[in-house]
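For the numbers below, each heavy atom of this structure counts, side chains included, while hydrogens, waters and symmetry mates do not.
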Number of protein chains: 2
Amino acid sequence: MAKFNFNLDTLPPSEIREEICSLTITQNVLQGRWKPLLIWYISLQPQRFGELTRLLPGISKGILAKQLKELEDDGLIQKEIFDELPFKVEYTLTDLGEQLLPVIAVMQDWGKKYIDSRQK
Amino acid sequence: MAKFNFNLDTLPPSEIREEICSLTITQNVLQGRWKPLLIWYISLQPQRFGELTRLLPGISKGILAKQLKELEDDGLIQKEIFDELPFKVEYTLTDLGEQLLPVIAVMQDWGKKYIDSRQK
DNA sequence: TAAGCTGGTCACAAAAAAGTGACTACTGTT
DNA sequence: AACAGTAGTCACTTTTTTGTGACCAGCTTA
């Protein structure tokens with residue numbers, strides 16, 4: 001069953017529907033405990049699978065592989081396999097992934113405001 | 001057990017830690033299937049409980065009450081009870097909640113880019 | 001030869017999130 | 001008197017997400 005996230009009985013105007021859809025899409029793409037951090041780390045420099053397990057404490061290989069796969073399927077990151085021995089893999093942001101960086105940046109800005117507001 | 005989301009054995013520099021923390025805070029505050037939409041609807045105009053159940057198709061009263069409560073506890077929205085009869089309740093954004101609107105806006109911008117990228 | 005590195009997959013268990021339906025208590029309408 | 005609307009709460013079930021530990025195959029180092 002499709003999730004429209006708006007009421008089909010009293011259909012909102014199309015510009016409202018568009019805002020709801022675009023917001024929900026971004027939310028879904030970022031849904032996952034490690035995804036925002038993964039995108040941010042990969043934006044700093046291309047990252048390898050093993051390096052990400054070291055950067056993120058407590059992440060399991062299973063969920064790391066799964067969330068990387070989902071980010072790849074959503075077109076945010078790409079995977080490059082180097083056939084050197086021992087072989088290695090590098091994850092980098094796609095253009096679409098780069099375009100997501102403003103979202104990460106404003107999230108960080110707001111997080112700092114939140115911390116400030118709690119320290120008063 | 002606290003979730004630092006960074007590696008305590010090889011502690012990253014403090015400016016990196018700060019970015020990780022602020023990003024994770026914002027992520028946690030927005031975590032919940034309906035929260036971004038709730039914030040957006042409330043930013044359009046003060047909203048009542050019943051109106052929100054009508055705007056959001058399929059949301060249950062239980063989860064709506066829970067997510068509103070969490071947003072209130074996090075200081076993003078405030079609840080005003082009017083003692084008229086029949087009594088009514090209105091939810092509005094706090095200052096901190098208003099400051100979150102840029103996050104919602106860039107999420108919507110990116111969602112539109114994502115839709116465009118998929119239509120090619 | 002054994003252990004450690006590379007980057008994973010898989011089945012299962014645990015935890016977290018979300019949904020369901022009944023119930024509350026008050027007022028206004030029919 | 002019965003039903004609708006106000007805004008919820010509560011116990012329970014279902015669904016989704018995350019974590020756990022074993023396993024794989026090829027290579028390097030001690």
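Atoms CD (A:E72) and P (C:dG7) sit 15 Å apart, rounded to a whole Å. One interatomic measurement links the two molecules: CD1 of A:I81 to P of D:dG26, which rounds to 16 Å at whole-angstrom precision. Rounded to an integer number of Å, the gap from B:N28 CG to D:dT17 P is 16 Å. Rounded to whole Å, the distance from CG on A:L37 to C1' on D:dT18 is 16 Å. Between B:I59 atom CD1 and C:dA18 atom P there is a gap of 9 Å when expressed in whole angstrom units. Atom-to-atom, NZ of A:K69 to C1' of D:dT17 comes out at 17 Å; the value is rounded to the nearest Å. Atom CG in B:L38 sits about 14 Å away from atom C1' in C:dA18, given to the nearest Å. In this structure, A:I63 atom CD1 and C:dA16 atom P are separated by 14 Å, rounded to whole Å.
Among C:dT20, D:dG19, C:dA18, the nucleotide with an atom closest to any side-chain atom of B:Q67 is C:dA18.
OP1 or OP2 of C:dG19 sits under 4.0 Å from a side-chain N or O of B:R33.
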Measure all distances between protein nitrogen or oxygen atoms and nitrogen or oxygen atoms of nucleotides 7-9 of chain D, and list the pairs falling under 3.5 Å.
residue, atom, partner, partner atom, Å
D:dA7, OP1, B:R48, NE, 3.2
D:dA7, OP1, B:R48, NH2, 3.3
D:dA7, OP2, B:G50, N, 3.2
D:dG8, OP1, B:K79, NZ, 2.8
D:dG8, OP2, B:Y91, OH, 2.8
D:dG8, N7, B:K61, NZ, 3.0
D:dG8, O6, B:K61, NZ, 3.3

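Salt bridge status for A:K79 with A:E90: absent, with no side-chain N to carboxylate O gap under 4.0 Å. Classification of B:K113 and B:D109 as a salt-bridged pair fails, no side-chain N sitting under 4.0 Å from a carboxylate O. By the 4.0 Å N-to-carboxylate-O rule, B:K112 lies too far from B:D116 to be salt-bridged with it. Between B:E51 and B:K88 no salt bridge is recorded (no basic side-chain N to carboxylate O distance below 4.0 Å).
At a threshold of 4.5 Å between non-hydrogen side-chain atoms, the residues A:I77 and A:T94 do not count as touching.
A distance of 9.0 Å separates CZ in A:R54 from OG1 in B:T10, rounded to the nearest 0.5 Å.
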